[in-house]
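Labels below follow one simple rule: chain letters A, B, ... track the order of the sequence lines, proteins then strands, and each chain is numbered from 1. Predicted, not measured: the structure shown is a model, and the values here were computed from it.
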Protein chains: 2
Amino acid sequence: MITDQDALRSFAALAQETRLALYRRLVEAGPAGLSAGALAEALDVPAPTLSFHLAQLRGAGLITQQRSSRSLIYAVDVARMNDVIAFLSDRCCGGQPELCLPTPKSAPHARPRRKAV
Amino acid sequence: MITDQDALRSFAALAQETRLALYRRLVEAGPAGLSAGALAEALDVPAPTLSFHLAQLRGAGLITQQRSSRSLIYAVDVARMNDVIAFLSDRCCGGQPELCLPTPKSAPHARPRRKAV
DNA sequence: TTCATATTTCCAAATATATGGAAATATAAG
DNA sequence: CTTATATTTCCATATATTTGGAAATATGAA
């Protein structure tokens with residue numbers, strides 16, 4: 001589960017060019033994550049600016065932080081992203097989800113869904 | 001498909017309390033949508049403020065607008081939301097999606113996913 | 001210790017977003 | 001044509017976010 005405020009913070013966190021790029025870079029990196037330094041180099045962002053944006057993503061619960069010697073390693077929190085997606089998907093069409101399908105005829109041959117992120 | 005800018009605009013659109021409430025109210029309403037007036041009353045928002053927020057959601061492509069006599073009817077664009085979700089889900093773990101699953105053991109009994117929104 | 005590296009916190013200036021009253025536009029009814 | 005309803009656009013003010021240099025903190029190496 002996820003509160004309205006959590007969802008709001010998550011969208012706010014992703015609603016910024018640098019942060020969205022950071023998040024996607026971390027999705028790409030997978031569970032191993034990347035250090036702040038590696039991210040700074042990858043995206044060419046000054047350290048204080050990077051730190052600010054990572055803090056936003058972390059405050060939204062979208063990424064985790066872990067120290068490894070002098071480096072801080074960031075990685076996506078997949079479960080949280082799935083919660084955010086569920087937040088948007090739930091309670092559709094006043095409890096009649098079938099109304100939410102793009103078009104009636106597309107339902108029969110709908111492609112199988114993959115686990116998000 | 002969806003561009004980075006499109007995704008960014010979508011998150012920005014949802015990253016605001018009133019707009020998120022509007023969007024969710026429209027998800028609930030389903031394909032029939034709701035008029036600006038109905039939304040103004042439901043959320044108790046002054047007309048100009050409402051109009052501003054609806055324009056943001058529309059600019060992001062998340063909702064559609066259609067005139068019906070004197071009223072303007074707004075409804076969610078389900079296809080766009082699915083695109084936004086796909087944007088976040090794609091290219092995970094450097095091309096090894098299995099690494100992105102929350103935990104290895106949770107994969108076998110993963111629940112079936114429902115079409116988003 | 002002392003020094004170097006990695007990253008954060010502090011803070012002030014620049015930029016962007018949200019709010020709502022008053023006026024404008026669109027549509028329909030009498 | 002006049003009036004009423006529905007909604008938007010205009011615009012000034014208020015509020016929030018982003019930026020990056022300088023200084024502070026944390027860790028490890030010599």
Side-chain angles (χ1 to χ4, degrees), chain A residues 4-26 29 32-77, chain B residues 4-26 29 32-77:
Chain A
D4 284 28
Q5 281 305 310
D6 286 337
L8 204 58
R9 260 193 289 272
S10 294
F11 293 126
L14 295 171
Q16 205 279 340
E17 201 165 11
T18 301
R19 285 197 298 267
L20 185 56
L22 282 172
Y23 185 80
R24 296 189 87 198
R25 187 71 194 74
L26 287 175
L34 288 171
S35 69
L39 289 167
E41 187 172 22
L43 301 187
D44 192 30
V45 176
T49 300
L50 179 84
S51 194
F52 168 76
H53 289 307
L54 287 172
Q56 299 293 114
L57 286 167
R58 208 153 81 89
L62 289 169
I63 64 173
T64 60
Q65 182 195 58
Q66 190 187 346
R67 183 172 284 277
S68 171
S69 181
R70 269 175 292 192
S71 293
L72 286 169
I73 309 296
Y74 292 90
V76 297
D77 184 330
Chain B
D4 285 27
Q5 282 305 309
D6 286 336
L8 203 58
R9 260 194 288 272
S10 294
F11 292 126
L14 296 171
Q16 206 278 342
E17 201 164 11
T18 302
R19 285 197 298 267
L20 185 56
L22 283 171
Y23 184 81
R24 296 189 88 199
R25 187 72 194 74
L26 288 176
L34 289 170
S35 70
L39 289 167
E41 188 172 20
L43 302 188
D44 191 31
V45 175
T49 300
L50 179 82
S51 196
F52 168 75
H53 289 307
L54 287 172
Q56 300 293 115
L57 286 167
R58 208 153 80 90
L62 289 168
I63 65 173
T64 60
Q65 183 196 58
Q66 190 186 347
R67 184 173 282 277
S68 170
S69 180
R70 269 174 295 191
S71 292
L72 287 169
I73 309 297
Y74 292 89
V76 297
D77 184 331

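In this structure, A/Leu43 atom CG and D/dT19 atom C1' are separated by 16 Å, rounded to whole Å. Distance CZ (B/Arg67) to P (D/dT5): 16 Å, rounded to an integer number of Å. Remark: P of D/dT18 and CZ of A/Phe52 are 5 Å apart, rounded to the nearest angstrom. Regarding A/Leu50, its CG atom lies at a distance of 13 Å from the C1' atom of D/dT19, rounded to whole Å. In this structure, CD of A/Gln56 is placed 8 Å from C1' of D/dT17, rounded to the nearest angstrom. In this structure, CD1 of A/Ile73 is placed 14 Å from P of D/dT27, rounded to the nearest angstrom.
Contact annotation for B/Ser35: backbone-only contact, meaning every heavy-atom pair under 4.0 Å involves sugar-phosphate atoms and none involves a base. Here B/Glu17 lies out of heavy-atom contact (under 4.0 Å) with every strand. Residue contacts for B/Thr49: at a heavy-atom cut-off of 4.0 Å it reaches a base atom on one of the strands shown. As judged by a 4.0 angstrom heavy-atom cut-off over every strand, B/Ser69 is placed among residues touching the sugar-phosphate backbone only. Among the atoms of the strands shown, base atoms are found under 4.0 Å from some heavy atom of A/Ser51.
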Requested in this report: Starting from the C-alpha separation in whole Å, work towards a yes-or-no answer on side chain to side chain contact (heavy atoms under 4.5 Å, CB included) for B/Leu20 and A/Asp4.
Outcome: CA-CA 9 Å; B/Leu20 185 56; A/Asp4 284 28; 5.6 Å; no
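Using a distance-only test at 3.5 Å, with no hydrogens or angles considered, no donor-acceptor pair links the side chain of B/Ser51 to the main chain of B/Ala47. Remark: side-chain polar atoms of B/Arg19 are not paired, donor with acceptor, to backbone N or O of B/His53 under 3.5 angstrom.
In summary, of the residues considered (A/Leu72, A/Val45, A/Leu26), a side chain to side chain contact (heavy atoms under 4.5 Å, CB included) with A/Leu39 occurs for A/Leu26 alone.
Of all nucleotides in DNA chain C, those with any atom nearer than 4.0 Å to a heavy atom of chain A start and finish, going 5' to 3', at C/dA4 to C/dT9.
Put simply, the side chain of B/Arg9 does not reach to within 4.5 Å of the side chain of B/Gln56, judged on heavy atoms.
An OP1 or OP2 oxygen of D/dT19 is reached within less than 4.0 angstrom by a side-chain nitrogen or oxygen of A/Gln16.
In this structure, CD1 on B/Ile63 lies 5.0 Å from CG on B/Leu54, to the nearest 0.5 angstrom. Put simply, CG on B/Leu50 and CG on B/Leu43 are 7.5 Å apart, with the number rounded to the nearest 0.5 Å. Separating the OG atom in B/Ser35 from the CZ atom in B/Arg67 is a distance of 11.5 Å, to the nearest 0.5 Å.
With DNA chain D read from its 5' end, the first of the two nearest nucleotides for A/Ser68 and A/His53 is the one closest to A/His53. Judged by closest nucleotide on DNA chain D, B/Ala47 is the one of B/Ala47 and A/Arg19 placed further toward the 5' end.
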Query raised in the report: Going 5' to 3' along nucleotides 10-16 of chain D, which nucleotides have protein heavy atoms under 4.0 Å from the base (write B), which only from the sugar-phosphate (write S), and which from neither (write -)?
Result: -------
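The 12-atom threshold is exceeded at CD of A/Gln65, counting heavy atoms of other residues, nucleotides or ligands nearer than 6.0 Å.
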